[in-house]
Amino acid sequence: MSDSSDDDVPLARTNGHASAPTISKATDRAMDRAASKARPAPPGLSIRNGPVAYDSMEIDSTPNGTVKRKSRSSIGQSINYKDGSDSDDGAPLAKRQKASRKDESDSDDQPIARKNGGKLPPSIRETGDTSDDDDEPLGTHLAKQKADIEKTAAKEAKAIRSSAAKAKKATPKKTAVKDESDDEPPAKPKKRQSNGVSSSAKKTNGVKKEDSDSDAPIAKKGKKATLKAAAKATPTAKGKATTTKKAAKFEKEESKDSDDEGQEEEYRWWDAPKKEDDSVKWTTLEHNGVIFPPAYEPLPKNVKLYYDGQPVNLHIEAEEVATFFGSMLHSTQNIENPVFCKNFFNDFKDILKKTGGAKNESGSRVDVKDLKKLDFTKIFDYYQDISNAKKARPAAEKKAEKAEKDKLEAPYMFCKWDGRKEKVGNFRVEPPGLFRGRGEHPKTGTVKKRVMPEQVTINIGKGAKVPEPPAGHKWKAVQHDNKATWLAMWQENVNGNYKYVMLAANSTVKGQADFKKFEKARELKKHIDRIRADYTKELKSEVMADRQRATAMYLIDRFALRAGNEKDTDNEAETVGCCSLKFEHVTLQEPNTVIFDFLGKDSIRFYNEVTVERQVFKNLKMFKKPPKEDGDDIFDRLNTTQLNKHLSSYMPGLTAKVFRTYNASFTMSQLLQELEGNNEKSIPEKIKLYNDCNRKVAILCNHKRTVGAGHEVQMEKLGDRIKGLKYQKWRNKMMMLDVDPKLKKKKGAEFFELDADMNEEWVKQHQKFLVEELKAKITKKFEKDNEKLQSEGQATMPEKELKERLKPVAELEAKHKKENKTKKVEAEGKDPSAEKFTATIKKLDDRIKTLELQSADREGNKEVALGTSKINYIDPRLTVVFAAKFNVPIEKFFSKTLRDKFNWAIQSVGGDSTWEF
DNA sequence: ATGTAAACTTAGAACTACGTTG
DNA sequence: CAACGTAGTTCTAAGTTTACAT
């Protein structure tokens, strides 16, 4: 259908080509008819993500003139500013071959030729199973389970939902306890309030006691899990009679009810009744502000920047900028990135201009116009030396300094929030430096300026003492917004982003927010059936916008994509999420395989081959219909606002991101459930099982990490160690034979053969290695002993002694020689026996097994980051329950900080292993 | 409706501490 | 008992979402 760009309905996005506003039945039918007759594979994830090299993209996008967003050659690319030296191939994530995927990419959405008839891509077969309706990212088995569970859950949920809704409607509304309303000036407009500037304007309207709400309708019974704990702690929040406006303001109401016996004792908010209005975050707030980074320390006279071989003098401000670059010469990743260099150099030249330029020794101006002629190595070395010296200092000194630092920071570490001591997260103002944007960030390398107090806004309780700004300075503003949780804020100069000082993860506010997040995800369980049914229907909507929305929801639900806000392409790296997917990010293969390949958040590559429901496939094909081409949006009639608005009609607060939480936690819950029956296993094994589940979730969420350069080497080392053990095992077998030659018959010749992955060549190599190792060990010991003697003022041992000590080395060599020649191994040890050797072999076997396990584990793990999902997506209560059920101490899963962060989960679920997500 | 400021969560890399093990 | 690797922390960039302004 010709050009569709001229339609009445406004487009969600205005770049590039648009799709028609509606889809006629005829169009749909035509697509169906033309479609391949191949039987679609069951929809579902085909766990085929990862591979494919990432080097250049062959198609260099063909920006279609008009577009205002510049479309780059999508993914690929990875500019490889790798470590200079060897710099391999530049593929960022290591080796991976580019999948052949010969791309019928473009052709496929065209005239709908039936292309590869019934041939299914291999990945589809992997998903096996023919159940066609419901499914889940983690394979069909899990999928079915999920479907079942949900069906029932959803049903009862529906009942609960409707009755609950009714009940709610009646009471809580009034509960809102206005109070607010009569306040006059918007003492606290919900948000917005330009940088606190307004603060002054604010009048002291009596912060109408919001307390009153706390005693409102305690209708909410704590969830049952809470009950027993509640009994013990029972805060009786309602007892808070008073609250005469001002009275409560700064007084701790503690005095009254506070069951917080131990003053400082932890506030068990999870046992407390829920507040229905949580927009007010605090009533009193005291803190000490922020710590500014130390002032710049000029370089010593003898350390200079060089230009064109000549040392140059700089104004101190320019010098500081020079050190930003100079101190990171080791970071080839940045230093070799032309964008980084260009941005830095521009900024550097600016500051030079502003500060009088660079001067040579005789004081005349040096025109700095080529970055390549700048030599920072002196600066670099200087900082290296300093850091080395620092590291080398005696422990005591280090400790002292640490203590000093701690003392300095102590006042900032905690704040007083509603009278309780709470930990502050990031009280340090970010130091100046070079902005390190990720991926192809257009601004990477630009100077991030020093933040001055004049840029910092303080948010603090009305009656609290305002922290002193550094001498001679003042704050940008001081405000008292109790609907905000931050203590201080400033705007960074590079991108104009806001930076906030907030509380630490283990604080009450953060904990409550976290709890809320997971509860919301759990609530989604109750609506998911309806949502899915709806979008499934809407996949066929005649309204393009609705059809796109439904399709996007499908992708978000099924494949855990992020929402995908629109980005400012010339000031940010080009990454996408669901709503911002572009033509080139999705490849379609008949009959129903979709290949996603794009850069997501943090420029992390998302590569996934999946099978989808036929209708989804058809829709995507439609959304890619010509004249759309590279650079055009797939969902041109959808944006995240529209999507979220629709979602929230299903459930208050439902947004795209909730699906990720839901999916991750739900999946984890299912996977852990499958672990029932492993109770007898050892603790390490159970941990491993848990981690395996964790890993699957991480893969689902596409949480990656770059594999360190050293990893390859280490894997090899590990492999060698395993082989070494296998070799020892073999030797032991041979020794058995030496003791009792008859065993050969008994056990079969095969038993005594060398492992398949080793040959004589390798053995010789290994023997050499063993010899060297022994030699090194002895020599080292000798030297050490000598050193010791020397320090004690005694005579050192002569070389002769070393020779003597090295005798075993020669013996070992001889032994090897002999063994190689005779093909036999003489039994070692005193009274050797076959039994003894069997025992050692068994031991060796065990070690080999663990090492192999570890090796596989590490390999599988190398580019998957488990932490992110554990910290942000998996409901911690799942882990707590698992730990309890399987008798594994929670420390095995949660580090100290995580235990603090998830204290609410640990406490509220406790030993109760019946809790379910 | 749409654009934008603001606020808060999520994210991987860099740095540091710490337990293991040769 | 140092050296090493990894696990845990810190840092701050990069998302999402909300609500206000227009």
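All chains are named by letter (A, B, ...) in the order of the sequence lines, taking the proteins before the strands, and each is independently numbered beginning at 1. Since the model is a prediction, treat every value here as computed from it, not as a measurement.
Of the candidate nucleotides dT16(C), dT12(C), dG12(B), dG12(B) has the atom nearest to the side chain of D602(A). Distance from the side chain of P431(A) is smallest for dT12(C) among the nucleotides dG12(B), dT12(C), dT9(C). Counting only heavy atoms from C-beta on, Q642(A) has its side chain closest to dT2(B) among dT2(B), dG8(C), dT17(C). Of the candidate nucleotides dA11(B), dA13(C), dC8(B), dC8(B) has the atom nearest to the side chain of K281(A). The side chain of N872(A) has dA11(B) as its nearest neighbour among dA13(C), dT17(C), dA11(B).
Remark: P of dA13(C) and CG of N571(A) are 15 Å apart, rounded to the nearest angstrom. As a whole-Å value, the separation of R562(A) CZ from dG12(B) C1' is 11 Å. L487(A) places its CG atom 14 Å from the C1' atom of dC8(B), with the value rounded to the nearest Å. If you take NZ of K704(A) and P of dA13(B), they are 11 Å apart, rounded to a whole angstrom. The separation between E572(A) atom CD and dT12(C) atom P is 20 Å, rounded to whole Å. Look at NE2 on H703(A): it is 13 Å from C1' on dA14(C), rounded to the nearest Å. Look at NZ on K391(A): it is 14 Å from C1' on dA3(C), rounded to the nearest Å. In this structure, CG of L503(A) is placed 11 Å from P of dT9(B), rounded to the nearest angstrom.
Between T868(A) and the phosphate of dG12(B), there is a side-chain N or O to OP1/OP2 separation shorter than 4.0 Å. Within the 4.0 Å cut-off from OP1 or OP2 of dG12(B), not a single side-chain nitrogen or oxygen of R436(A) is found. Checking the phosphate oxygens (OP1, OP2) of dA13(B), a side-chain nitrogen or oxygen of T706(A) falls inside 4.0 Å. The side chain of K510(A) places an N or O atom within less than 4.0 Å of a non-bridging phosphate oxygen (OP1 or OP2) of dT9(B). Residue T640(A) has no polar side-chain atom (N or O) positioned under 4.0 Å from OP1 or OP2 of dT17(C). For dA14(C), the OP1/OP2 oxygens have no side-chain nitrogen or oxygen of S603(A) closer than 4.0 Å. In this model, the phosphate group of dG8(C) is not approached by any side-chain N or O of T897(A) to a distance below 4.0 Å at OP1 or OP2. For R705(A) and dA14(B), the shortest distance from a side-chain N or O to OP1 or OP2 is not below 4.0 Å. Regarding contacts with the backbone of dA13(B), every side-chain N or O of R438(A) stays at 4.0 angstrom or more from both OP1 and OP2. Taking 4.0 angstrom as the limit, K448(A) places a side-chain polar atom (N or O) nearer than this to OP1 or OP2 of dA13(C). Note on N565(A): a side-chain N or O is less than 4.0 Å away from OP1 or OP2 of dT16(C). Under 4.0 angstrom from either OP1 or OP2 of dT10(B) there lies at least one side-chain N or O belonging to K517(A). Within the 4.0 Å cut-off from OP1 or OP2 of dT9(B), not a single side-chain nitrogen or oxygen of Y500(A) is found. Applying the 4.0 Å criterion to OP1 and OP2 of dG15(C), one finds that T575(A) has a side-chain N or O inside that range.
Nearest-nucleotide assignment on DNA chain B puts the 5′-proximal partner with M502(A), out of M502(A) and C701(A). Two residues, G653(A) and E430(A), neighbour DNA chain C, and the one matched to the more 5' nucleotide by heavy-atom proximity is E430(A). Position along DNA chain C of the nearest nucleotide to E891(A) versus G437(A) favours E891(A) as the more 5'-ward residue. Each of T641(A) and T661(A) was matched to the nucleotide of DNA chain B holding its nearest heavy atom; the match closer to the 5' end belongs to T641(A).
The closest donor-acceptor contact from the side chain of R705(A) to the backbone of K862(A) lies under 3.5 Å. No donor-acceptor pair under 3.5 Å is formed between the side chain of D875(A) and the backbone N or O of S665(A).
In this structure the side chain of W490(A) reaches within 4.5 angstrom of the side chain of V429(A), judged on heavy atoms.
Between Y690(A) and F893(A), the two ring planes are tilted [angle within 30° to 60°].
If you check every strand for non-hydrogen atoms under 4.0 Å, N495(A) touches nothing.
Checked by atom type, the side-chain pair T508(A)/E422(A) shows a donor-acceptor distance below 3.5 Å.
Taking 4.0 Å as the cut-off between side-chain N and carboxylate O, E401(A) and K398(A) do not count as a salt-bridged pair. Salt bridge R637(A)/D546(A): absent, no basic N to carboxylate O contact under 4.0 Å.
The base of dT9(B) is not paired with the side chain of K657(A) by any donor and acceptor separated by under 3.5 Å.
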